[in-house]
There are 2 protein chains.
Amino acid sequence: MAAERDPEGRAAARPLLTDLYQATMALGYWRAGRARDAAEFELFFRRCPFGGAFALAAGLRDCVRFLRAFRLLDADVQFLASVLPPDTDPAFFEHLRALDCSEVTVRALPEGSLAFPGVPLLQVSGPLLVVQLLETPLLCLVSYASLVATNAARLRLIAGPEKRLLEMGLRRAQGPDGGLTASTYSYLGGFDSSSNVLAGQLRGVPVAGTLAHSFVTSFSGSELPPDPILAPAAGEGPGVDLAAEAQVWLERVCAHLGLGLQEPHPGERAAFVAYALAFPRAFQGLLDSYSVRRSGLPNFLAVSLALGELGYRAVGVRLDSGDLLQQAQEIRQVFRTVAAQFQVPWLESVPIAVSNNIDEEALAQLAQEGSEVNVIGIGTSVVTCPQQPSLGCVYKLVAVAGQPRMKLTEDPEKQTLPGSKAAFRLLGSDGSLLMDVLQLAEEPVPRAGQELRVWPRGAQEPCTVRPARVEPLLRLCLQQGQLCEPLPSLAESRALAQLSLSQLSPAHRRLRNPAQYQVGECLPWCPALGAPTPPHPRSPPLLPAGGAVGEAAGPGGQSACGGVPLSLQAGLPGNKTSHLLTPQLVLLSCCCSPGPRASRAAGVGNLSRRVCIPGKAQVLLGWETALH
Amino acid sequence: MAAERDPEGRAAARPLLTDLYQATMALGYWRAGRARDAAEFELFFRRCPFGGAFALAAGLRDCVRFLRAFRLLDADVQFLASVLPPDTDPAFFEHLRALDCSEVTVRALPEGSLAFPGVPLLQVSGPLLVVQLLETPLLCLVSYASLVATNAARLRLIAGPEKRLLEMGLRRAQGPDGGLTASTYSYLGGFDSSSNVLAGQLRGVPVAGTLAHSFVTSFSGSELPPDPILAPAAGEGPGVDLAAEAQVWLERVCAHLGLGLQEPHPGERAAFVAYALAFPRAFQGLLDSYSVRRSGLPNFLAVSLALGELGYRAVGVRLDSGDLLQQAQEIRQVFRTVAAQFQVPWLESVPIAVSNNIDEEALAQLAQEGSEVNVIGIGTSVVTCPQQPSLGCVYKLVAVAGQPRMKLTEDPEKQTLPGSKAAFRLLGSDGSLLMDVLQLAEEPVPRAGQELRVWPRGAQEPCTVRPARVEPLLRLCLQQGQLCEPLPSLAESRALAQLSLSQLSPAHRRLRNPAQYQVGECLPWCPALGAPTPPHPRSPPLLPAGGAVGEAAGPGGQSACGGVPLSLQAGLPGNKTSHLLTPQLVLLSCCCSPGPRASRAAGVGNLSRRVCIPGKAQVLLGWETALH
C-alpha cells in the first residue's frame, strides 16, 4: 500500500512518534523470528473520565490517516540504527524499510459513538512487529481526542441545546497539534464552532471570532481612517461617514443613559467604527476594554445605531471579565430600553457572548433559566480538561498466533481480558441503551429477543437480559490496509454523538454521581455442553478455585494460555490444595470495578476467569474469594 | 526574508494556526489604514504555575522557527477569503500574501531562564497587523512549553540530582505535537531522557526504553528462536544457547530462592531470552507481567546470570505496578544475596527502574533516603501537568505608534502595564537573586552598586535595594526578522535551567508555600525633577487620587494615554471630586497580587498608576484605596 497523498499536507503523526521500546521490542521480535506472527491488540480505557458514566470515541480518522501513510523513511531507519546496538543485523533495518500497514486490519467504534470501560475503541490485528509499533501513535491519536470530545459533550449537556458554544483554547493547548486536535474534537463533542482557523481549513470546523482588547486599545481616537464612508446595506443611496454618524448617535445614547458625553473612550469608539467599516454585516463590540457601562456599551450602541440607519444590524457584543451573568442581564435591559427609545426592535435581541475562564460550574450558572447570555466561549476548560487531563487509554495484546494472551501483574485492575472479542450494545424496546456486552469473536452473535446471561463487570453474579435490539459495536474499518467504507464526515460524527447521548438514560448521562452503565461478559455458548448454561458462582463448580491476588496461582499465570496444563492453588487461604487442569481456552477475565484494596476488604473476588475444559464444561476460577 | 529550509521538515506551526479574530482584526486594521503602525506586544504570565514561585521560560526556539518561516500560502489566503465578508477589498488579500516577519523584532528571556509573573517572556514589535496575527501561535508555542519545563523542573527538584528521570508521556499528550513538545521541554526542565523517538530524531533529546508487557505476554515458551546462540561479549570463544543456559541457571536460582522450578512463567523467560539475544549489552527485565517474586525476578536472574557467563551485564529491571518502593527494596535484597551466592558482584547494583502513574507525592516517596529505586519513568504527571494544565500566558499590546497602551477591564488583575519596557534581574554579592525589576525602555539602565527605589508588585510602599550585579533579562533575538545570535542548543538551555534554579534561594525554590519572588517597578528617573525621587504613597501627592475598581475614572480610562486630558474622580468613596490633569506619559501600572475581591476586603489598592505631569513631577493615582 503506497502512502497516499495526504489532504492535510502531512500525516497526522509520523511513524517515529512512538516510544523507543516499540522499536527495541521490534528488534526483539525480529531476532526471535516472530515479526510476522499474527497478533491482535485492543485499545480501550478502564474508567470513564471526569467521574462520569460515558465517553465518546474519537480520533479514528486520524488513526486511519496515520495507518494508511505509515512508512518509515530512510532518515527514520537511520535514526533508529543510531540508537539500537551497533552490531544489529542490517537485515532488521531492511525489514523496517519495507514495513507498511498493508497487512493490518482494524475494527473500531465509529467516531462519536458512546464508549464504555473495557469495550475496545480499536481492535488492531496484523503482523506482531507492525502492530506493536503502532501502539504509541494510536494511543496518542485516540486518547486525547476521545477525552476532549467527552469533555465537550459534558459542557454541551450543561449548556443545553440552545446556547452557542465556541471553543477558543488554542493558546492553552499542548502546542500546535494539541490545539488542532482540541478544536476538531470539541466540535465533534457538541461545540458549535472554534476560533482555530486551521481547524476550519483542515477539518471543516466552523470558525468564529471578532476582535480582542488589543484591537480596541490600539486606537486612541485621534486616528483618521482613510475612508470613513460606508455605503448602505441595500447598496443604493449615498454613503455616510460612519464615525461622524456614530458621534451623533453617541449624544443621544449618552443622554438616554445619563452619561457624560466625554465618558465613553474615544479610542474604543474609533476601534468599533474601524471594525464596523470592515465588517458592516458582522459588527460585534467587545465591551470591557475600559468600562462596560460607561464606555463599551454606549460606544457599541452609538456605532450600532449608526450602522442601523444604513440598514445593517450588529451581530453581538462580547464580555471577557467581571460578573458575566449579571452584566448580561444589565446589557439586555439597556438593549430593551434603547430599542424602545429609538424604535429599533432588532436591538433587543442582539446576542450577548461571554468568555473568561468558564468551567463546568460557571457554565451551569450562565445556562440557568433567565440568563441573557447567548454565546459562550470556552478555552482552557475544554482544551486542557483540567478535571482529568488524560483518559488513560491502553493498548493490550489479547491474542498472538491464535492464542489468547493476558497480563496478570501486581495490580488486578491492570489485568487484561484475553482473547479476540466481539462487542455488542443491547437496547430495550424503547430504544434506550441497556448494556454493552463482550464475548469471544468466534461465539454466535446474540440475537434480539433472545434471553442472554451476562456477567456485568464488578458484579458477583450474572444477570439475565432480553434485548429488543442488538447492535454490533465494532465496525470493520481497515481490512489488510484497505479502507472498507468511507469514513463519516466530522459533522456526521458530531450528529452521531448527539444522537447517542440522547439514547443514554438520564441516570447514566448525569455528570455527577451517575449510575454506572454496565458492561458485561456475555456468557458463552459452551461447545462441550452444547448450551449456554454457564455456572452460577454460588453453585459448586467442577473444581474449587482460589488463590491470592497478585500471586498467579499455578505456574506463573499460565492459566492465561489455553492448552497449557494449569496448576491451581485453590481453596480458602491457609487451606489450599493443588489442582491440575488443562483449559481448552481461557475465555475472558473480569476485573471488579472497585480498586483491589476496596474489593479485598469487601470480600469481592478481584479476578475471575472462566476456562473451558474439554468435556467438562466451564469452570470459574476466583482469586481471593473462593467461589465454592 | 524568504522562508528558510526547516531542518524538521515542517514549520512547528502554520500561520493559520491562529484564532479567527486575529484575521478579522487584521482586516479591521487594514481598513483603518493602520496595518503598518508600529506596535509592541508583550507575552507574559500573571501567576507562577502549580502554586510555586518560579517558572522556566521555554518555547523560544519554536517561536523563532515559526517567525522565520511565517508566510501565508495561497491556500491559506483563499481560506481566509472564504470566511471573511465576500465584499472584502481584494487588496487586503494581496497585503496578506506579501506578509512575512522581516519587520518583526523580538526580545526574549533565553530558554531555560527563570521567569516570574509580569516579566515579559517575549517582546514582539513590528507592523501592527503582523504582530497581531502572531499572537495565538506564539502563545501556543510558549505557554505549554514553559509549563511543562517548569513541571519537569519541579519533579527534578523532588527527585534530587541522582535519580534518572525518564519522560514517557507521549501517549497521554494532546496529540502528536503535544507529545513532541512535552518530551522536548521536560528534558529542558531537568529530565534525563524521553521515550519519544521523534524527540530524539528532531530535537536531540536522549531516548530510552526497553520492553513492554505485550512483549512478555506474546511469548508462551513454546516458541523456538531461529538462532538461540549468543557469542561471548569479548567476541572470542564458542557461543552458547542462551535459552538452555538460562534454564540451567533457573534451577540454581529457584533452589536459592526456594521456588518451585515450574513457578516462573516459561513464556516470560522466553521473552527475556529473546530480548537478551537482541540486546545482550542492554538487557533489562520487565518483572511484573505475571508475578514479580515468583516469576519475573527468577526469570530475570536466570537470563542475567546466563548472560553474565558470556561477559555481558544486565542493565536493569523495571516494575510497572504494585508497591514500587517496597518491591525495589526486596529486589535489591535478592540481588545482594544472589550476587553473594553466585559471586557476581555487579548484580548487586543493577539499576531498578519504576513507573506507574507517578506524581509529585509518589516521586517524593521513591526519592526518599534509602530508596533502592534508580530510574523513574513519569508519563501522565509530567505531560498533562494535572496540577495546573495551562500556564495562562497572555500577549498584550503595550505600545502603538510610540504611545503606551493599556487595558483596564472589569477585572483589575487583567489590567496591563503600559509602555515598552526593559527588565533586569538584581543579584546580591553572593550571586543570589534579589528581585526582577521592570522600567520603561528609555530609562537609564540600573547600575550595580547603585541604590534603587523599587515598587514591588503588590506592596503598598516602595523599597530600596542596592544590587551587587544587574543582569538585563531580555535579549535581542530577532531584529527585523534576522536572527541576532545563534540560539543555544537544547542541552545548553537545560544547563541554564539547572544553573538558574541553583541561584534561587531555597525559600523561593520550595514547591509548596514558597516565599514569593519579588517583581517590581524600578521607580524612574523623572526628567522633570532631574532626580530619581518618586513620591512616597504616604506623603501627599500633588493631586488626590481615587476612584472605584472596574470604573475607569475620568473619560473611560484615557489616563492610559499620554498627552490626553484626564478627568479623575478622586477622593474617598461617596465624597469624590473631579480633577483634570494631562499626563505627559503613563509610566507603568501595577496590580496587587491578591485577587480583586481579597484586596478590596483588605483595603489594598487594586491599581496604582504613576503619571508624569510636565513640570510637576510624578503623581500616584490609586483606585479603591485613596492614597492621600
Side-chain angles (χ1 to χ4, degrees), chain A residues 13 16-17 19-21 25 27-28 31-33 79 136 139-140 144 171-172 174-178 181 195 197-198 201 207 209 211 213-215 217-218 220 225-226 262 265 274-275 277-278 288 290-291 295 321-322 380 384 386 389-390 397 400 405 407-411 552 555-557 561, chain B residues 13 16-17 19-21 25 27-28 31-33 79 136 139-140 144 171-172 174-178 181 195 197-198 201 207 209 211 213-215 217-218 220 225-226 262 265 274-275 277-278 288 290-291 295 321-322 380 384 386 389-390 397 400 405 407-411 552 555-557 561:
Chain A
L16 285 203
L17 187 91
D19 293 310
L20 182 63
Y21 72 11
M25 287 191 278
L27 175 56
R31 180 70 175 77
F79 182 76
T136 312
L139 282 170
C140 185
Y144 175 66
R171 63 190 63 190
R172 304 289 176 242
Q174 291 176 4
D177 214 278
T181 310
S195 69
V197 183
L198 199 63
Q201 186 186 27
V207 292
L211 69 166
H213 294 107
S214 53
F215 188 82
T217 59
S218 79
S220 71
Q262 83 292 354
H265 196 294
Y275 196 82
L277 286 172
D288 63 344
Y290 300 107
S291 165
S295 185
S321 56
T380 311
T384 68
S390 76
L397 182 68
V400 64
R405 283 291 178 268
K407 176 175 106 169
L408 287 172
T409 92
E410 305 292 313
D411 288 345
C561 309
Chain B
L16 285 202
L17 188 90
D19 293 310
L20 182 63
Y21 72 11
M25 287 191 279
L27 175 55
R31 179 70 175 76
F79 182 76
T136 312
L139 282 170
C140 184
Y144 175 67
R171 64 189 64 189
R172 304 288 176 244
Q174 291 177 5
D177 214 276
T181 310
S195 69
V197 182
L198 200 64
Q201 186 185 28
V207 291
L211 70 166
H213 294 107
S214 53
F215 189 83
T217 59
S218 79
S220 70
Q262 84 291 355
H265 196 294
Y275 195 82
L277 287 170
D288 62 345
Y290 301 107
S291 165
S295 185
S321 56
T380 311
T384 68
S390 76
L397 182 67
V400 65
R405 283 291 178 269
K407 175 176 108 172
L408 289 171
T409 92
E410 306 291 315
D411 288 346
C561 308

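Numbered from 1 within each chain, the chains take letters A, B, ... in sequence-line order. Every heavy atom of this structure was used, including side-chain atoms; hydrogens, water molecules and symmetry mates were not.
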**A:Val197 portion near chain B, given a 4.5 angstrom heavy-atom threshold** =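 For A:Val197, the contact with chain B is made by backbone and side chain together.
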
**Message:** Counting only non-hydrogen atoms closer than 4.5 Å, does A:Phe79 touch chain B with its backbone (N, CA, C, O), its side chain (CB onward), both, or neither?
**Reply:**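 Only the side chain of A:Phe79 comes within 4.5 Å of chain B.
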
**Prompt:** Out of A:Ser218, A:Gly209, A:Gly33, which one racks up the most heavy-atom pairs below 4.5 Å with chain B?
**Reply:**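 Winner by heavy-atom pair count: A:Ser218.
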
**Request:** With rounding to the nearest 0.5 Å, note down the distance linking OH in B:Tyr275 to CE in A:Met25.
**Result:**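 One finds 8.5 Å between OH of B:Tyr275 and CE of A:Met25.
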
**Message:** Rounded to the nearest 0.5 Å, what separates atom OH in A:Tyr144 from atom CD in B:Gln174?
**Reply:**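 Result: 3.5 Å between the selected atoms.
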
**Request:** Heavy-atom pairs under 4.5 Å with chain A are the metric here; pick the option from B:Pro226, B:Ala274, B:Ser214 that has the most.
**Result:**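 When all of B:Pro226, B:Ala274, B:Ser214 are compared, B:Ser214 has the most.
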
**Request:** Name the option with the most non-hydrogen atom pairs under 4.5 Å to chain A; the candidates are B:Val400, B:Leu139, B:Thr181, B:Leu16.
**Result:**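 Of the candidates given, the most pairs with chain A belong to B:Leu16.
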
**Message:** Please enumerate all residues that pass side-chain contact (heavy atoms from CB on, under 4.5 Å) together with B:Thr136, with sequence neighbours excluded.
**Reply:**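 Residues passing side-chain contact (heavy atoms from CB on, under 4.5 Å) with B:Thr136: A:Leu170, A:Arg171, B:Thr18, B:Asp19, B:Gln22.
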
**Request:** Mind checking side-chain contact (heavy atoms from CB on, under 4.5 Å) for A:Thr384 and listing every partner two or more places apart, or none if nothing turns up?
**Result:**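 Only A:Arg172, A:Thr380, A:Pro386, B:Pro389, B:Ser390 meet the side-chain contact (heavy atoms from CB on, under 4.5 Å) criterion with A:Thr384.
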
**Request:** Report yes or no: does A:Ser195 contribute a side-chain atom to a donor-acceptor pair with the main-chain N or O of B:Leu20 at less than 3.5 Å?
**Result:**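 Pair absent, no side-chain N/O of A:Ser195 close to backbone of B:Leu20.
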
